[in-house]
Structure formats: structure tokens, C-alpha cells
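Contents: one structure, followed by commentary.
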Amino acid sequence: MTKFWQKIHKIFTDKQLRKRILFTVLMLAAFRILAAIPVPGIDTSRLASLLANNQFLGIINIFSGGGLSNLSIIMLGVGPYITASIIMQLLTLMIPRLKEMYQEEGEIGRKRFTQYSRLLTVPLAAIQGFSLLVILARQGVLPALGLFDLITSIVVIIAGSMLLMWIGELITEFGIGNGVSVIIFAGIVATVPTQMSQILFSFDPSQVPFYILFILAGILMIIGVIYVTEAERPIPVTYAKQSRGNATTQGASTYIPLRVNQAGVIPIIFALSILLFPQLIGNYLATSTSLFLLKVSDFMLLFAQGTLWYGIAYFVLVFLFTYFYTAVTFDPHAMATNLQKGGAFVPGIRPGTATEEYVGNIVTRITFLGALFLGLVAVFPFIIQKVTGITQLAIGGTALLIVVSVVLDIIKKIDAQLSMREY
């Protein structure tokens, strides 16, 4: 406990660190002000009902930092920027020039890669904004928009999304932690008082055992998220003794840490994007005059309302996308090549192809655990609701994963800043 208070004292006595924390707080205050400016003419009760029953809009609300729940001018939040970043990373598989830019050209190449992601954010924000406005208008949340009003609203939505992306980058550069993640974290935390008040108002004394089960499950889930997020599989590496001219470098032994959950929360985003289509198709077919199409519409809408098959499909998609994204972002061949070029080798494994196969097998095994964990996190709210029968008791697995990851990242960044000041 003494060390904890000593660390707190160092944080507030360090001028540079204090400035970074203050800047982050001011930027988050600006973000919350923007999130409170609503689009006029909305039906708040229908919007709340729609968000409660729609997983995809719920995840958009998370990535907008709660902006969608108010239908604010930043209703899309950093969602388009995250989508653009994911698309750019996937394109590195199909376009060798992008892969070379991202992996081999250093800081300059990554800056250009990031700039392309920013440019891609604009059309994605326009498409997502238009689709969201159409869905909300059909659900009666918004009044019917004319062409001029629709174009104006889309322009405002694009500007809000780009402004929030800029705030996130400012936090990354001048504040503490990854700006985009910190914004999402702040939006999630801001919704906690509202959720707690809903639970208290709907409190049923006869359901006390289920509330206790809910609290225990939440604590266990937080512990599990921390454990898996921090879990690593070390690969031992030995550097051979090298002589260059008159200089001789001694051999050294170290290790390369491979994270169990390398994909983070991205597979959940992929899965929810795929599961959006049944609901969209169902809504479009609901106005059809064909009896067959109406039955198809009813089936798709029923599927999208959180049935058992929806939960199973959700789990399977998250599991598969975890493997897919890990394969995109981690290249055993590049790792084996870099080790060989640096005069390093894994003890007992031949350099080159044998090392590539060895690393690939390890990644496959640990990714299985990471995929299983992410799948359980994704469907955890469904399990809690089925067991307790209380719809208010829904621990958002995605939100919890983001919150824990951001808190751990901020703690590491603060520790790094303190260590740097000491040296």
C-alpha cells in the first residue's frame, strides 16, 4: 500500500506526466460535451428500446462512446476510423505494396499507412451515417428526412466522426494511452451510472441469489480478462557470438513473448458486422407483399433477437475470425527470416523453414485458447440472461474487455513515464 501511495505522489509531482493527464482529462471533457449535443426531432423512448434490442447498434454505441444513445452529432464515434484501420490491415494481404509500407518502411511508411486510413474513414462514415439514418427513420426514431436534410445530417455526422478521430490522435500524442481506446473507455464508463440506476429501480428481492451470482460472475470475468489479456507464451531465442572486424559481440539468450489474445476485440467487431445482415434483410423484406418473403423476414428478425442459434453463430464467427485476424497480423515466415538475419535461433530448432513451422504451431495452439476466450466473452451476456431470466443483468463482454485492456495499457504507460523520469 505504501508503494501505491508513493506512485500516486510521483504522478502528481511529475510536471510532464501531470500535464499529460490534465490534457487527457480536458480532451475527454470536450468529447462528453459533443456527445451531449443531440440531433433535433428524435424519439428518445423508441431509440432506447431499439438500442436495448439490437446488438449491432449496441456495439456502435460502445465505439461512439455513448454518442449514439443520445443520437448526438458524434453518433458514429470512432467506429468508421476503426473500420478503416481494419480494412487497411486486411488489404496488406492482397496488396504487397501496402504490406511493404506497413512492415518494412519504418515510421515514415506507417505514417503514410495511417494517412490512407484517415482518408478511407470519410467514405465509410458517409455510408454508415446514411445507413444508420435510414434504419432509425424506418424504426420511427427520426422523422422522415428530405434530401437536403439527409445530406446535411450526413455531412454533420462525417464531421463529428473526423473531429473525434482528431481528438483521439491528440490524446495519443500529448496525453496518456491510445486516444481512440481512451475515448471508447470514457464512453463506456459514462453509461455505468445509468445502467446501475436501471438495475436499482427494477430490483426484485426474490431475485437476490441471481444478483449475487451476477456479481460473482462479473468478478470472475474481470479476473479472466486480466489473466488472458496479460498471458504470454515465451519463445526462447539465442543470439550467436559474432565477430565483425575488431569488434566481437557475445552471444545472449532472451525470449520473444507471443500474446495469447493477439486479436484483441476486433474478431467481435467482425462477427457483429456479419450478424447485422439478417436484421437488415429482415427489415427490408418486412414490407413485402409476398407471403414467402414475409416468412423469411420473420425468421431473420427472430434469429436476430438473441435466440440460441444466434448465440451459437456469434460464438463460431468470433472463434473463426480470431484465427483469421491472427493469421493476417502475425507472419511466422517474417519472424523466422528476421531471426536468421540477426544471427539468432531457437534452441533445438534449425533456422529457416523449421523455425517458421515451430512458431506457426505455437501460434495455432495459443490462438485456440484466445479464440475460445473471446467467444465466451462475446456470448457471456446471453448466458447470464438465460440463467437469471433478468434482462437488466447483462455484463457487456465487449465493453468489459475494452475497459480492462485500456486500464492495463494506461497503467503500463504511466509506469513507463515514471521509469523514464527516474533514469
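Please read these numbers as outputs of a predicted model, since none were measured by experiment. Scope of the values below: all heavy atoms of this structure, side chains included, with no hydrogens, waters or symmetry mates.
Residues Y81 and L120 have side chains not in contact (no heavy-atom distance under 4.5 Å, counting atoms from C-beta outward). Taking the side chain as every heavy atom from C-beta outward, V377 and V318 never approach each other to under 4.5 Å. Contact annotation: the side chain of I222 never approaches that of V403 to less than 4.5 Å [non-hydrogen atoms, C-beta and beyond]. Side-chain contact between F330 and T367 is absent, with no heavy-atom pair separated by less than 4.5 Å.
Using a 3.5 Å distance cut-off with no hydrogens or angles, the side chains of R112 and Q115 do not pair a donor with an acceptor.
Without hydrogens or angle criteria, S161 side chain to I157 main chain gives no donor-acceptor distance under 3.5 Å. No donor-acceptor distance shorter than 3.5 angstrom exists from the side chain of T254 to the backbone of V237, with no hydrogens or angles considered. The closest donor-acceptor contact from the side chain of T355 to the backbone of R350 lies under 3.5 Å. Judged by distance alone, with hydrogens and angles left aside, the side-chain atoms of S181 form no donor-acceptor pair with the main-chain N or O of G177 at under 3.5 Å.
Pairing each heavy atom of I176 with each of I21, the nearest pair is CG1-CG1, 4.1 Å. When all heavy atoms of S72 and A35 are compared, the closest pair comes out as CB-O, 3.2 Å. The two residues L124 and P80 come nearest to each other via the heavy atoms CD1-O, 3.9 Å. The minimum heavy-atom distance between L374 and P267, with the atom names listed, is CD1-CG, 3.9 Å. Among all heavy-atom pairs drawn from R118 and M162, the shortest one is O-CE, 4.0 Å. The nearest pair of heavy atoms linking P332 to V359 is CB-CG1, 4.2 Å.
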Item to check | Intermediate values then yes/no, side-chain contact (heavy atoms from CB on, under 4.5 Å), Y358 and V346 | outcome: CA-CA 9 Å; Y358 174 75; V346 178; 3.7 Å; yes

Checklist entry - What do the steps show when you test F373 against V225 for side-chain contact (heavy atoms from CB on, under 4.5 Å), and what is the final call? => result CA-CA 9 Å; F373 166 75; V225 168; 3.8 Å; yes

Next on the checklist: Let's go through T121 and T83 carefully: what are the C-alpha distance in whole Å and the side-chain angles of both, what is the deciding distance for side-chain contact (heavy atoms from CB on, under 4.5 Å) to 0.1 Å, and is it a yes or a no?
Outcome noted: CA-CA 8 Å; T121 301; T83 306; over 6 Å; no

Next on the checklist: Checking I74 against F31 for the side-chain contact (heavy atoms from CB on, under 4.5 Å) test, could you report, in this order, the C-alpha distance in whole Å, the side-chain angles of both residues, the deciding distance, and whether it holds?
Outcome noted: CA-CA 9 Å; I74 56 169; F31 152 64; 3.8 Å; yes

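Evaluation of the side chain to side chain contact (heavy atoms under 4.5 Å, CB included) rule for V155 yields I151 as partners, not counting sequence neighbours. Not counting sequence neighbours, the partners of Y323 by the ring pair (Phe, Tyr, Trp, His ring centres under 6.0 Å) test are F319. For the ring pair (Phe, Tyr, Trp, His ring centres under 6.0 Å) test, residues two or more places apart in sequence or in another chain that qualify with F321 are F270. Checked against ring pair (Phe, Tyr, Trp, His ring centres under 6.0 Å), F174 has the following partners two or more places apart in sequence or in another chain: F23. Looking at residues two or more places apart in sequence or on another chain, you find a side chain to side chain contact (heavy atoms under 4.5 Å, CB included) between L26 and L22.
Applying the salt bridge (Lys or Arg N to Asp or Glu O under 4.0 Å) definition to pairs two or more places apart or across chains, those involving residues 219-236 are E230-R259, E230-K412, E232-R259.
Distance CG/L164 to CE/M27: 11.5 Å, rounded to 0.5 Å. The CG atom of L339 lies 11.5 Å from the NZ atom of K341; values are rounded to the nearest 0.5 Å.
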